[in-house]
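Chain letters run A, B, ... following the sequence lines, proteins first and then strands; every chain starts at 1. Quick note: numbers below take in every heavy atom, side chains included, and nothing from hydrogens, waters or symmetry partners.
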There are 2 protein chains.
Amino acid sequence: MKPMKISEAVVRRLPVYLQVLNDLNMRDVQTVSSQDLGNKLDLNPAQIRKDLAYFGDFGRKGIGYDVTYLIEKIRQILKLDQPLNVGLVGAGNLGRALCNYNTYLKDNMKITAVFDVHPSMVGASINGLTVLPMDKLKETVAACNIRIGIITVPAIEAQNVADKFVEAGVDGILNFAPTILRVQEHVRIHYANFTTELLSLAYYLDEEGVDENETVVD
Amino acid sequence: MKPMKISEAVVRRLPVYLQVLNDLNMRDVQTVSSQDLGNKLDLNPAQIRKDLAYFGDFGRKGIGYDVTYLIEKIRQILKLDQPLNVGLVGAGNLGRALCNYNTYLKDNMKITAVFDVHPSMVGASINGLTVLPMDKLKETVAACNIRIGIITVPAIEAQNVADKFVEAGVDGILNFAPTILRVQEHVRIHYANFTTELLSLAYYLDEEGVDENETVVD
DNA sequence: TAGATTGTTAATCGATTAACAATC
DNA sequence: TAGATTGTTAATCGATTAACAATC
């Protein structure tokens, strides 16, 4: 391992590698080359080798990477080899979807508490969890050792919820609300903003919608 | 306007600009400088000016950008000045959340049809839409002029659904399933994979979890 | 006019890719 | 040994930022 600073682009690719490796593992594939991975992910094999080499020598020259071993290593790098508790605020449709995905976020990440700002939601049961009121957030985050907060409330309430999470002591926030959050520097925020993806998708549509052949006169 | 090729990074920032501009507009702000926008978004003002300048001269020297005018222009660029119909497959929790968000995706984008692969789901009502069976997908996409497909089914079914969407003639797909899709080259795919964001967030946690001051001996 | 801010060119920075020695 | 594939250095590419003339 080197004490080098790893760029965000590299870190963001690790979960993608993990996803493909888990796939291969389920299909009992023992070994994979950077070439194979590159084909599956439309990435340059050199980039994959370089990404992995930041963290150690995981491959074998002439052979490739052992799938199980590489999964284990990437899990370690992402700190998914230890349990990580997550709290969620916003028991609406999206929040409930994420709670039910819990099996999905299996990799030692678990939503262990759900909160809502609306008293009418409090007490409801979601996938075995009882929705708690916001004034229980601080003590629950401490008691359950919650490190990450997920925000699935409307944009207008998001900053307020983020402040509560930070005050309660979480180190990271995943924000689904379409708004930029301001927090103390040491708290890391990731955005899961699908509207961005959807709206930017629209940009690329008419390149095909306008049939360029129609304008060709022979 | 220039006939230049615009990079994906630029296009992805446009919806973010739009978001902030809509915010400003609601608060009756008339004019905004690239400096202001940069502060709000943690972006370099020069980058914002450059991004916008790819598409035209929208600002006024010494003044800044007219908020309403810039919103209009970005809407045009993203083709949100015309209605755009969207179909969704997967009426589970996440699918339902997106359908109910319809107000959100107001910008002339609308989910106009919902499908599910499971017969037991068919016929259910979601936000005024009746869930249709998959064998109605092709005719509905044609009849409703659906250009974009959203996939909210489990990973294992996602490629199959994508194939159906492509066969039916959509030009773009927004995939929420954590899997890479293979489609004809002319179909554009965007990924809304929040597991990637969540897992990569874990990587950054212990940088603060390990209190570096504790190791300092004076 | 003086101050502010754009649009754009040039400089910088960082990320991706090619190439190859090492080695299984 | 010959073929395959890694880890890594050097070359390339592209994106970000700085700087500034134009101008409101």
ask   = Looking at side-chain heavy atoms only, is the closest gap between B:Y17 and B:L43 below 4.5 Å?
value = yes
key: Between D:dT6 (P) and A:D66 (CG): distance, integer Å   = 13 Å
message = Distance check needed: C:dA15 C1' versus A:I6 CD1, whole Å only.
response = 13 Å
query = How many Å lie between CZ on B:F55 and C1' on C:dT8, as a whole number?
reply = 16 Å
ask   = How long is the gap from CG on A:N127 to CG on A:L98, to the nearest 0.5 Å?
value = 11.5 Å
Using residues 157-165 of chain A as the side-chain source, report each donor-acceptor pair under 3.5 Å to any protein atom, sequence neighbours left out, with the distance given to one decimal.
unit_1	atom_1	unit_2	atom_2	d
A:Q159	OE1	A:R182	N	2.9
A:Q159	NE2	A:D163	OD1	2.8
A:Q159	NE2	A:R182	O	2.8

request  = Give, for atom CD1 of A:I150 and atom SG of A:C99, the distance between the pair rounded to the nearest 0.5 Å.
outcome  = 8.0 Å
query = Can you tell me how far P of D:dT16 sits from CG of B:D42, to the nearest Å?
reply = 15 Å
inquiry  = Using OP1 and OP2 only, check whether a side-chain N or O of B:R12 sits under 4.0 Å from D:dA15.
reply    = no
query = Closer than 4.0 Å, any side-chain N/O of B:Y65 to the OP1 or OP2 of C:dA4?
reply = no
message = Has B:N193 got a side-chain atom pairing as donor or acceptor with B:P178's backbone, closer than 3.5 angstrom?
response = no
request  = Assign a letter to each nucleotide of nucleotides 17-24 of chain D from its 5' end: B, base within under 4.0 Å of a protein heavy atom; S, sugar-phosphate only; -, no contact.
outcome  = BBB--BBB
ask   = Please give, in whole Å, the distance from C:dA15 C1' to B:E8 CD?
value = 15 Å
query = Would you say A:D51 and A:Q47 make side-chain contact, with heavy atoms under 4.5 Å?
reply = yes
query = Do A:V89 and A:I151 come close enough that some side-chain heavy atom pair is under 4.5 Å?
reply = no
ask   = Does B:A46 have any side-chain contact (heavy atoms from CB on, under 4.5 Å) partners at least two apart in sequence or in another chain, and if so, which?
value = B:N44, B:R49
request  = Take the protein atom CD1 of B:I48 and the nucleotide atom C1' of C:dT5, then report the distance between them rounded to whole Å.
outcome  = 13 Å
For B:K138, all residues meeting side-chain contact (heavy atoms from CB on, under 4.5 Å), sequence neighbours excluded = B:E167, B:A168
query = Are any non-hydrogen side-chain atoms of B:V86 and B:I148 less than 4.5 angstrom apart?
reply = yes
key: Of residues 26-37 of chain B, the positions that come close to DNA chain D - non-hydrogen atoms, cut-off under 4.0 Å   = none
remark   = Atom CG of A:L52 and atom P of D:dT6 are separated, to the nearest Å, by 9 Å
note = Writing each nucleotide of DNA chain D 5' to 3' as (, ), [, ], | or . by Watson-Crick or G-U pairing under 3.5 Å yields ..||||||||||||||||||||||
ask   = Any chance CZ of B:R60 has more than 12 other-residue heavy atoms, nucleotides or ligands included, within less than 6.0 Å?
value = no
